[in-house]
Structures are given as structure tokens and as C-alpha cells.
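Down below is the structure, laid out as C-alpha cells.
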Amino acid sequence: MKFLSVLGLSFLCAMLPLQAQTSESVHLSVDAARSGATISRNIFGQFAENLGHGLYEGIWVGPDSSIPNTRGIRNDVVAALRELKVPNVRWPGGCFADQYHWRNGVGPREKRPATVNSAWGDVIDTNAFGTDEFMDFIQQIGSTPYVSINLGSGTVEEAAQWVEYMTAGAPTALAKERAANGHPDPYKVGFLGLGNESWDCGGAMTPDYYVSLMKVYSRFVVNMNPAQRSKDQMLKIAVGPGTPNTAWTEAVMQAWKRHTWSWDINGVSVHWYTTPGGWPVSMPSSNFSVDDYAKTLKTTLFMDEFLREQEAVMNKYDPDKKVALVVDEWGGWYKPLTGSNPAFLVQQNSIRDAIMASLNLNIFARHADRVRMANIAQMINVLQAMILTDKEKMVLTPTYYVFKMYVPFQDSTFVPVTFDAGTYTQGSVTLPRIDSIAAKTTDGKLMLEITNLDAANPATVSVDVAGMAAKSARAQTLTGAAVDSVNTFASPDSVVPEPVGVKMEAGKLSLTVAPRSVTVIAIEP
Ligand code: AHR
């Protein structure tokens with residue numbers, strides 16, 4: 001008996017940090033009559049690089065696979081992604097983009113050359129998933145392509161021909177080749193990335209060298225789709241920095257300010273990963289402590305300052321905010337899972353990642369006047385993924401569910417929320433206890449998101465809603481039993497959204513949000 005009670009005590013001690021201690025009260029005020037910028041649906045974009053099992057196995061299994069597929073593309077993955085209304089997908093890289101030759105990936109698959117993916121593990125690339133397969137995937141999930149062209153090992157002519165192959169409507173030789181490959185109609189390319197991390201894996205260029213090169217690509221790589229000539233034009237995104245340094249952004253924006261008719265850009269991309277403890281990455285993606293949880297959230301909140309610094313430079317040259325800030329790589333980057341190929345960047349995804357995703361999406365929403373696009377890294381089986389697969393099995397991650405819960409925020413109008421976030425201290429780290437955003441949807445609903453960062457304590461939230469007669473409210477919460485709760489193939493539903501009760505009295509809402517949780521409330525007039 002004594003032995004048992006000692007064991008019981010130590011068990012209790014281990015659990016204490018995660019047990020509900022006290023329910024803190026938080027008051028939020030939302031005035032639905034006040035509104036800010038549009039929260040572009042494109043900030044919910046994703047990134048699918050030719051890396052590890054991101055494309056091969058994650059998306060592409062081939063038409064002869066026993067895994068149910070449509071023209072080689074997994075049906076389970078497509079069905080899951082359709083639910084997210086993924087606005088755009090960035091492909092083929094990343095670092096891979098600056099070594100990719102599009103010609104290797106078109107035409108009959110049995111004739112495509114085997115090449116080496118020297119960006120990611122020197123593995124053989126069959127090139128089975130090329131341009132037409134990517135476009136098929138995009139069409140199946142109902143998204144828009146964001147194609148990154150090769151400014152590293154490629155040439156201007158090669159990139160121009162690739163975009164002609166994809167977009168030419170007139171019967172040019174390349175349009176005919178596309179038709180012969182089964183696609184008579186030109187594709188719509190929504191976004192064109194002019195290189196990737198050109199300061200590092202993209203060719204270790206200086207800002208000035210990059211700017212000179214980028215102008216030439218901007219000038220000669222032309223979208224020929226007749227449906228994109230006057231409206232739905234392809235937006236060109238220049239490379240920006242991946243560190244808080246602003247010299248690169250200065251060079252790009254200064255050049256843009258002086259640009260002539262012959263070239264233009266519509267966005268500058270920045271990359272900012274959450275790497276608690278810095279490089280090389282050392283934080284585990286599962287079985288981590290509450291201190292690690294808090295440290296990770298602290299690191300991720302730096303995104304706000306990072307964007308402010310970049311925006312300050314952009315505002316100098318572009319006060320009218322014509323050029324978008326595009327965060328086309330973001331997310332948690334942790335130690336690769338034991339036993340996995342370290343070049344494949346395989347990691348688990350926990351409720352910590354879900355909270356991180358909501359914090360970042362909320363930051364993007366607060367910067368919506370300038371941040372008009374973002375791409376989480378990456379879509380499947382790589383870094384902070386939406387989906388993990390193992391042969392025929394598939395599991396949806398906590399991050400997937402956050403993206404699903406945020407779907408109503410796509411193209412909504414930002415509405416300011418006022419609140420005192422309070423503080424949550426864990427070890428040496430102090431964080432805001434609560435984060436929140438609100439927005440009005442095009443069909444008149446008010447959406448309210450509340451993140452409770454506190455690992456142990458729930459919060460009792462009261463919300464004053466002005467500017468609309470709120471009649472009903474429905475809420476969903478995503479939480480986990482512990483800060484490192486994950487979904488696995490064996491237990492896929494450990495972290496899934498659940499409905500949560502909301503009391504409504506005289507236009508005032510009240511609810512309790514669980515510790516370590518993301519809650520989205522739809523308020524109807
Ligand atoms: O997302 C993985 C890699 O991170 C990308 O290829 C590169 O752009 C970045 O450094």
C-alpha cells in the first residue's frame with residue numbers, strides 16, 4: 001500500500017503542471033462595426049517541395065498503386081486537403097527549385113530521366129511527379145499553383161519556356177507539346193516565385209547580384225494564358241531574407257521603387273522558421289517537456305517583430321502597400337525523428353504545433369494589410385505537416401485541424417479585439433496567456449478565435465460584442481491531454497476539434513477555454 005501511495009504521489013507531481021489549477025478570467029471586447037484589412041485566403045497557403053516523402057508517397061503513388069488514387073494521386077490525401085480549401089500550393093521548392101529542370105518532368109513517364117535530388121539526401125528522383133502531375137493535383141484539391149522557377153542552375157530561356165509550356169493558349173510548339181501530353185487547355189499559374197533563398201541554397205548571391213538577375217527573369221518569363229492577360233494576372237514574388245536582416249529587402253524594394261515598364265514584382269518573400277534553441281535544430285517534435293513547449297511558443301512569437309522590421313523597410317519605398325509581404329516558408333523545424341533520413345525532415349506534430357500555427361496565423365491576420373500570402377512548411381510528411389502518411393495509412397495532424405478551423409477566416413475582414421492577455425510563466429519563459437483575433441465573413445458572421453497558451457489552466461472568457469446583434473454562437477476547441485499530445489496511425493483521434501458550449505446573454509458571450517487550446521467561435525447575427 002505504502003509503495004502504491006508513493007507511486008501515486010510521484011505520478012501526481014509529474015502531472016501537476018498540466019492539471020487545471022485555477023481558471024483565470026479574461027474579458028474580450030469586439031466591435032463588429034469596426035473593420036480592418038482583408039485577411040487574404042492566400043495566407044493559408046501551403047508548401048509542397050520535392051523533399052523526402054512530401055511528394056513521392058505523400059501525394060504521388062502512381063496509377064498502378066494499390067493505394068486508391070486518381071491518375072496516381074492519393075485519394076485520401078486529396079479528400080483531406082479539399083476540406084482545407086487550400087488557396088495555393090508552392091512547388092517544386094524550396095532549395096530544390098533552384099536545381100530543377102522542368103523538362104525532366106514532362107512527357108511519357110517511362111521516358112523521363114532519373115536524376116539526383118542533391119538538395120535533399122542525394123536520392124534518385126524518377127521525375128514521375130512533374131508539371132502536369134502537379135497541375136492535376138492542384139485541380140483535384142481545388143487550389144492555385146505557386147510555381148518557383150529556377151534562378152540558380154537554370155537559365156532565363158529555360159524558365160520562360162517552362163511558363164510558356166504551362167500557359168500558352170496560342171498553338172506554339174510548347175503549347176502543342178502540352179496538348180500532346182494530354183492538356184490542351186493552358187494552365188492558370190497564380191503566382192511565380194523568382195528563385196528561392198538566393199542568398200544561400202539558391203546560389204549564395206549578394207542582394208545586388210540577385211536584383212539584377214531577378215529583373216531579367218521578371219522581364220522575360222511571361223504568362224501567355226489569354227485568361228490571365230488583363231485579369232487574374234500571375235503575381236511575381238521576389239526572394240527576400242530568411243533572417244531579421246533588412247539589407248536584402250532594402251535592395252529589392254529600392255530597385256522596385258525605380259522600376260520601369262519592363263519589369264515588376266508583386267511580392268517579396270520572407271522565410272522564418274520556429275527553431276527553438278537556434279541552428280542546428282535540437283528540439284524534439286514529440287516527448288518534450290512543458291518548458292520546451294513554452295520555449296517554442298516564445299520563439300514563434302518573434303514572427304511579429306520579424307514582420308514589423310521587414311514592413312518598416314517596405315513602407316519606406318511602398319507606402320501604398322502595392323507589394324505584398326509573402327511569408328512563403330514558416331513553421332516549426334525540429335530534430336528529425338530517430339531512424340528517419342535526416343535529409344527528409346521528418347517530424348511529429350503535436351498540440352504545441354497547433355497552438356504555434358494559430359499564433360502565426362493570428363500574427364499574419366494582424367499584418368493583413370501587407371502580409372497577403374503565406375505558405376506553411378510543409379504540406380505532407382515534411383516539417384510542420386498537415387498530413388502524415390505511411391504506405392496506405394494517413395493521419396491528420398493537430399496543425400491540419402487548426403487550418404480546418406480557420407477556413408471561415410479566408411478572405412474575411414479583420415475586426416480588432418481588445419483584451420488584456422495576462423501572462424503565463426513557465427520556468428524562465430513568460431508569455432501572454434491568451435491570444436485572439438476576430439473577423440467578419442462575407443456571409444455576415446463574426447468569427448472569433450481564442451488561443452489559450454497556458455499549459456495548465458483553463459480560462460473563463462467573457463466577450464462583449466458590439467456593432468451587431470449576436471443571436472447565436474457555436475464553438476469548437478482543439479486541445480490535447482498534454483502539451484506533447486499527437487495523433488498517430490494507431491491513435492489518429494487524440495487531438496481533434498470538439499464542440500464547446502457558449503453561453504449567450506444580452507449579446508454577451510461566455511465560455512471556458514481549455515488549457516493549451518485553440519478555439520474558434522462562429523457568431524451569427
Ligand atoms: O523547407 C525546407 C527548406 O527550408 C527549403 O527548401 C528552403 O527554402 C529552406 O531553407
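All ligand and atom numbering here is 1-based and tracks the order in the structure.
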- Which of the numbered atoms in ligand 1 are below 4.0 angstrom from a heavy atom of E197? 7 (C), 8 (O), 9 (C), 10 (O)

- Task: Within a distance under 4.0 Å of any heavy atom of G94, pick out the atoms of ligand 1 and give their elements.
- Result: 5 (C), 6 (O), 8 (O)

- Item | Structural part of D200 in contact with ligand 1, heavy atom criterion under 4.0 angstrom | neither

- Note on the structure: Counting heavy atoms under 4.0 Å, the part of N196 that contacts ligand 1 is side chain

- If you measure only the distance, is there a donor-acceptor pair under 3.5 Å linking the side chains of Q99 and S118? yes

- Note on the structure: With heavy atoms and a 4.0 Å threshold, my read on which part of W120 contacts ligand 1 is side chain

- Item | Those atoms of ligand 1 less than 4.0 Å from some heavy atom in Q378 | 1 (O), 2 (C)

- Do any nitrogen or oxygen atoms of C201 come within less than 3.5 Å of a nitrogen or oxygen of ligand 1? no

- Item | Proximity of W330 and F306 rings by center, below 6.0 Å | no

- Query: Does the salt bridge (charged side-chain N to carboxylate O under 4.0 Å, His left out) test come out yes or no for D435 and R366, once each step is laid out?
  - Reply: CA-CA 12 Å; D435 190 37; R366 286 192 274 266; 3.0 Å; yes

- Message: Any carboxylate oxygen within less than 4.0 angstrom of a Lys/Arg side-chain nitrogen, looking at D264 and K322?
- Response: no

- Check the pair R370, D318 against salt bridge (charged side-chain N to carboxylate O under 4.0 Å, His left out), reporting the backbone distance first and the verdict last. CA-CA 10 Å; R370 180 69 85 175; D318 174 29; 2.7 Å; yes

- Message: Tell me if the centroids of the rings in W91 and F137 come within less than 6.0 Å of each other.
- Response: no

- Query: Just going by heavy-atom distances, which of Y273, F96, W333 is nearest to atom 1 (O) of ligand 1?
  - Reply: Y273

- Verify the distance criterion only: is there a donor paired with an acceptor across the side chains of D125 and Y100 at less than 3.5 Å? no

- Message: With a 6.0 Å cut-off on the ring centroids, do W102 and Y165 count as close?
- Response: yes

- When you measure from atom 8 (O) of ligand 1 to every protein heavy atom, which one gives the shortest distance, and what is it? E329 OE2, 2.7 Å

- List every atom of ligand 1 that sits less than 4.0 Å from any heavy atom of E49, numbering the atoms from 1 in the order shown and giving each element. 1 (O), 2 (C), 5 (C), 6 (O)

- Could you tell me which atoms of ligand 1, counted from 1 in the order shown, lie closer than 4.0 angstrom to a heavy atom of C95? 5 (C), 6 (O), 7 (C), 8 (O)

- Counting from 1 in the order shown, the ligand 1 atoms closer than 4.0 Å to a non-hydrogen atom of F47 are 1 (O)

